[in-house]
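No hydrogens, no waters, no symmetry mates; every other heavy atom, side chains included, goes into these values. Numbers restart at 1 for each chain; the letters A, B, ... are given by sequence-line order, proteins then strands.
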There are 2 protein chains.
Amino acid sequence: MTEQLAGGDLSRLRQLNALAVVHVLRGRPALTLTELSRDTGLSRPSTEDVVLQLQHQGWLEEVQPASGGMGRPARRYRFRSDAGWVLGIDIGGHTIRVLAADLDGEVRHTVRTPVAITAGRAERLAAVDAAVAECLAAAGLTGADIWAATVGTSGLVDAAGRVVLSVAFPEWTGVHLAQHVGRLVGGTVLVENDSRLAALAETWRGVARYAQHVVYLLAGLRTGTGLIIDGRLHRGFAQAAGEIGALPELGWIRAQEHLRSWTGAPAGTDPDDLAGYVFASAREGDRKAVAVVRRYAKELALGASALVLALDPQLVVLGGGFSRSADVLLDPLRREIEKRCVRIPEIVTSTLGDEAVALGAVKLSLEHLQEHLFDVRTGLAAPVRPAR
Amino acid sequence: MTEQLAGGDLSRLRQLNALAVVHVLRGRPALTLTELSRDTGLSRPSTEDVVLQLQHQGWLEEVQPASGGMGRPARRYRFRSDAGWVLGIDIGGHTIRVLAADLDGEVRHTVRTPVAITAGRAERLAAVDAAVAECLAAAGLTGADIWAATVGTSGLVDAAGRVVLSVAFPEWTGVHLAQHVGRLVGGTVLVENDSRLAALAETWRGVARYAQHVVYLLAGLRTGTGLIIDGRLHRGFAQAAGEIGALPELGWIRAQEHLRSWTGAPAGTDPDDLAGYVFASAREGDRKAVAVVRRYAKELALGASALVLALDPQLVVLGGGFSRSADVLLDPLRREIEKRCVRIPEIVTSTLGDEAVALGAVKLSLEHLQEHLFDVRTGLAAPVRPAR
DNA sequence: GTTACTTTTGAAGGTCTCCATAATTAGTAA
DNA sequence: TTACTAATTATGGAGACCTTCAAAAGTAAC
């Protein structure tokens with residue numbers, strides 16, 4: 001039925017208590033034994049025992065005692081969040097982004113490398129290599145220090161980390177990103193669709209914090225979705241969840257065309273930049289532009305409504321490039337969704353902006369480590385890079 | 001991040017081991033200490049200790065030793081699955097069904113009571129009362145022996161157990177089923193939408209066993225859905241998940257009309273029985289009937305495709321009254337889904353038939369008890385009806 | 001009916017991890 | 001210097017687990 005937690009001998013109990021101490025300490029400043037004892041529910045002597053063991057293992061480190069208090073100064077211990085590192089890599093159309101974060105999820109180094117939208121497979125991969133190398137160098141790390149990395153890319157990705165289908169970049173189809181990036185870093189490399197990572201980021205550090213059910217809409221030159229169900233990223237049986245835009249009757253494929261049909265921009269404008277002009281004109285009150293935006297919003301809302309009706313999320317998050325124009329896009333979108341849905345979720349705009357995908361990639365790496373290092377079933381692992 | 005399992009003192013370890021023993025023993029025949037020791041991973045003496053304690057508590061019972069083996073006959077213990085009982089109640093249009101099951105989920109008594117489709121609120125509730133009373137009497141139980149009960153009904157149900165909206169039976173809207181049934185039985189009363197319960201049943205004892213992601217279609221006079229995501233029933237933030245049929249563009253509301261438009265049935269046929277005639281005619285090759293079925297299948301597939309694209313389930317299960325006519329319905333449905341979806345899931349017919357909803361209700365009751373009696377976090381509770 | 005074999009049972013001794021309590025230590029404040 | 005405060009260290013004890021070995025209670029063979 002549910003996965004069972006096996007019992008065991010006394011060492012199991014120590015495992016659990018060690019895990020409890022680490023759990024309390026992670027992502028917080030150094031604590032004294034008394035504080036740890038209070039937060040874990042363990043007795044003071046037991047806490048000390050566990051902490052000393054963890055310190056010996058390398059998970060904990062003693063720091064300078066705080067000065068200026070009453071009584072004997074207490075030893076303080078911190079979680080060694082710099083024992084291991086994770087990377088979050090966002091391979092976008094115009095930009096490669098690499099974030100290096102510690103085990104607390106604190107982003108310590110950021111690298112942004114522009115890449116031509118026209119860049120082919122080899123050129124783009126080379127840019128990734130360079131960005132990763134630059135980020136590692138800036139952090140003073142080598143690939144061996146990376147315990148896990150996640151790559152975000154557009155397109156459908158299989159479980160092995162290969163791009164199965166990329167509509168936006170046909171040349172990208174078939175590239176084995178897990179393998180490629182695996183040559184640069186030591187740990188496990190995960191590959192995931194960019195919309196999903198952005199959704200994950202929003203539930204971690206964005207507007208959807210603490211929400212359990214979220215529909216994320218990536219609205220931009222491409223339209224994508226990320227679904228958070230029960231607080232977890234939903235991928236589906238074959239990693240194909242969220243492809244609602246493929247339904248002919250809902251027509252996300254058509255959605256862009258409304259924006260493209262706009263004739264108010266200067267002649268010769270790159271079609272990719274057209275959208276910005278439309279939104280700007282709508283903002284200034286141009287009635288034709290407003291109508292175009294409304295038609296786009298309607299098409300977008302059609303798919304969004306299907307997701308909302310299917311999943312009944314607490315929140316719909318509008319992200320992607322067009323979310324910068326939320327001031328003209330959000331209202332019509334909301335109205336169209338309200339027309340169709342039984343229960344209306346909150347509809348909000350992403351706050352993470354461009355960073356969302358890379359941040360979600362960091363989060364996914366951390367979740368992977370969480371399962372392999374800090375899992376209740378297996379107990380606390382040693383503070384070294386887990387095997388692939 | 002994830003819910004943390006608190007450590008603790010040695011009694012915690014005993015809790016876990018007791019839970020492990022119960023977990024191994026549940027739903028299985030009586031086992032010897034040696035067998036239990038092997039399956040739990042505990043030593044023989046410890047196993048004995050735990051078992052004796054559980055026997056004293058009332059969770060385990062010694063049974064006659066098996067005869068005719070080598071060596072000294074071993075004591076055998078069984079899980080007292082009859083320590084508590086659950087009910088599964090299906091309030092359907094034509095039938096009230098009540099199942100009484102033990103803690104192993106073994107259905108021990110079944111009561112079916114016909115009720116007029118035209119029956120009003122009071123009459124229908126009275127029929128429920130009678131059916132529950134009859135089932136309890138047949139099992140030799142009183143309401144106090146029931147640890148949990150679940151009621152399945154059509155319509156939207158809120159978290160408190162009230163029917164918020166019933167389209168099929170307007171009079172049903174507002175009825176507080178949890179409260180009503182709570183007067184009859186002692187334990188917690190859950191109320192859930194019938195399609196969802198049927199979906200749950202399919203993953204428990206039906207064709208979707210062990211599948212993690214399932215879209216269940218209830219196709220009948222009404223059309224409904226149940227979604228299983230990550231092995232759990234998905235309700236959504238406000239219990240409104242799965243209402244994809246409400247999307248005007250997909251039109252499950254229209255789906256029935258195709259069947260109703262059929263003119264080949266004897267004059268004066270009850271519109272509710274019309275569908276059967278259509279399917280029968282289609283089975284015999286009547287081309288007009290085949291066309292009608294195809295149009296119905298297309299409408300159904302539209303909503304189903306939206307769910308499949310959104311969730312990427314492993315399996316789509318066709319249930320409900322029309323699933324009896326799967327031989328003429330399944331193929332066109334499958335073709336229409338294949339037309340629209342990126343990845344095609346398996347599409348199969350329910351095998352549980354009429355029992356599905358009541359069985360799902362039993363399962364939901366058991367899951368509720370699982371959380372409150374056998375939970376890893378709180379440890380094993382005493383073998384008495386948990387507080388409401 | 002005895003003997004050999006098999007398997008379970010029961011008892012003893014040891015280890016580990018936790019807890020409660022009390023004595024000691026290392027600071028600050030008067 | 002003395003009082004006060006809070007952390008550390010030490011001690012004793014209890015609970016739960018393990019391994020090991022002798023005794024018990026059956027069946028099978030002679």
Side-chain angles (χ1 to χ4, degrees), chain A residues 5-22 24-25 29-57 60 62-78 376 379-380, chain B residues 5-22 24-25 29-57 60 62-78 376 379-380:
Chain A
L5 183 77
D9 63 9
L10 302 209
S11 65
R12 183 91 183 84
L13 194 54
R14 172 53 65 93
Q15 274 185 358
L16 294 175
N17 286 333
L19 221 38
V21 166
V22 167
V24 166
L25 213 43
L31 296 180
T32 70
L33 291 175
T34 309
E35 289 163 338
L36 271 171
S37 168
R38 168 172 45 76
D39 289 3
T40 56
L42 295 173
S43 73
R44 199 1 261 259
S46 299
T47 306
E48 179 168 5
D49 225 34
V50 173
V51 163
L52 257 43
Q53 180 184 304
L54 286 170
Q55 183 186 19
H56 184 77
Q57 260 195 291
L60 264 43
E62 192 173 346
V63 301
Q64 285 300 320
S67 59
M70 289 287 243
R72 177 170 176 172
R75 288 177 302 194
R76 295 186 317 163
Y77 295 88
R78 72 173 194 92
V376 170
L380 189 64
Chain B
L5 183 77
D9 63 8
L10 300 210
S11 65
R12 182 91 184 85
L13 196 54
R14 171 53 64 93
Q15 273 184 358
L16 294 175
N17 285 334
L19 222 39
V21 166
V22 167
V24 166
L25 213 44
L31 295 180
T32 70
L33 291 176
T34 309
E35 288 163 338
L36 271 171
S37 168
R38 168 172 44 77
D39 289 3
T40 57
L42 295 174
S43 74
R44 201 359 262 260
S46 299
T47 307
E48 180 169 2
D49 226 34
V50 173
V51 164
L52 258 41
Q53 180 184 307
L54 286 170
Q55 183 186 21
H56 184 77
Q57 261 194 291
L60 264 44
E62 191 174 348
V63 302
Q64 286 298 321
S67 59
M70 288 288 242
R72 178 170 174 172
R75 288 177 303 194
R76 295 187 317 165
Y77 296 88
R78 73 174 192 91
V376 170
L380 189 64

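Residue Arg14(A) contributes atom CZ, which lies 10 Å from atom P of dC19(C) at whole-angstrom precision. Going from atom CD of Gln15(B) over to atom C1' of dG15(D) covers 14 Å, rounded to whole Å. Between the P atom of dG15(D) and the CG atom of Asp9(B) lies a distance of 11 Å, rounded to the nearest Å. Between Leu42(A) atom CG and dC16(C) atom P the separation is 19 Å, expressed in whole Å. Look at CD on Gln53(B): it is 12 Å from P on dG15(D), rounded to the nearest Å. Whole-Å rounding puts the Asp49(A) CG to dT17(C) C1' distance at 8 Å. Separating the CG atom of Leu31(B) from the C1' atom of dT8(C) is a distance of 15 Å, rounded to the nearest angstrom. When the P atom of dC17(D) is taken as reference, atom CG of Leu52(B) falls 13 Å away, rounded to whole Å.
Closest approach of Leu13(A) to Gly8(B), counting heavy atoms only: CD1-O, 3.6 Å. Considering every non-hydrogen atom in both Ser37(A) and Ser43(A), the closest pair reads OG-C, 3.6 Å.
The CD atom of Glu48(B) lies 10.0 Å from the OG1 atom of Thr34(B); values are rounded to the nearest 0.5 Å. Note: Leu25(B) CG to Leu60(B) CG = 5.0 Å, rounded to the nearest 0.5 Å. Taking CG of Leu380(B) as the reference point, atom CG of Asn17(B) lies at 12.0 Å (rounded to 0.5 Å).
When the nearest nucleotides of DNA chain C are assigned to Thr47(A) and Leu10(A) by heavy-atom distance, the more 5′-ward of the two goes with Leu10(A).
Distances shown here put every side-chain N or O of Asn17(A) at or beyond 4.0 Å from the OP1 or OP2 atom of dT17(C). Phosphate proximity of dA16(D) to Ser46(B): absent, as no side-chain N or O sits under 4.0 Å from OP1 or OP2.
Considering Val63(B), Thr47(B), Leu52(B), Val21(B) as possible partners of Tyr77(B), the one that fulfils the side-chain contact (heavy atoms from CB on, under 4.5 Å) test is Leu52(B).
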Practice prompt. Report, as a single string ordered 5' to 3', how protein heavy atoms within less than 4.0 Å touch nucleotides 3-8 of chain D: B base, S sugar-phosphate only, - not at all.
Written response: --BBBB

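Proximity of a side-chain donor or acceptor of Arg76(A) to a complementary backbone N or O of Gln64(A) within less than 3.5 Å is detected.
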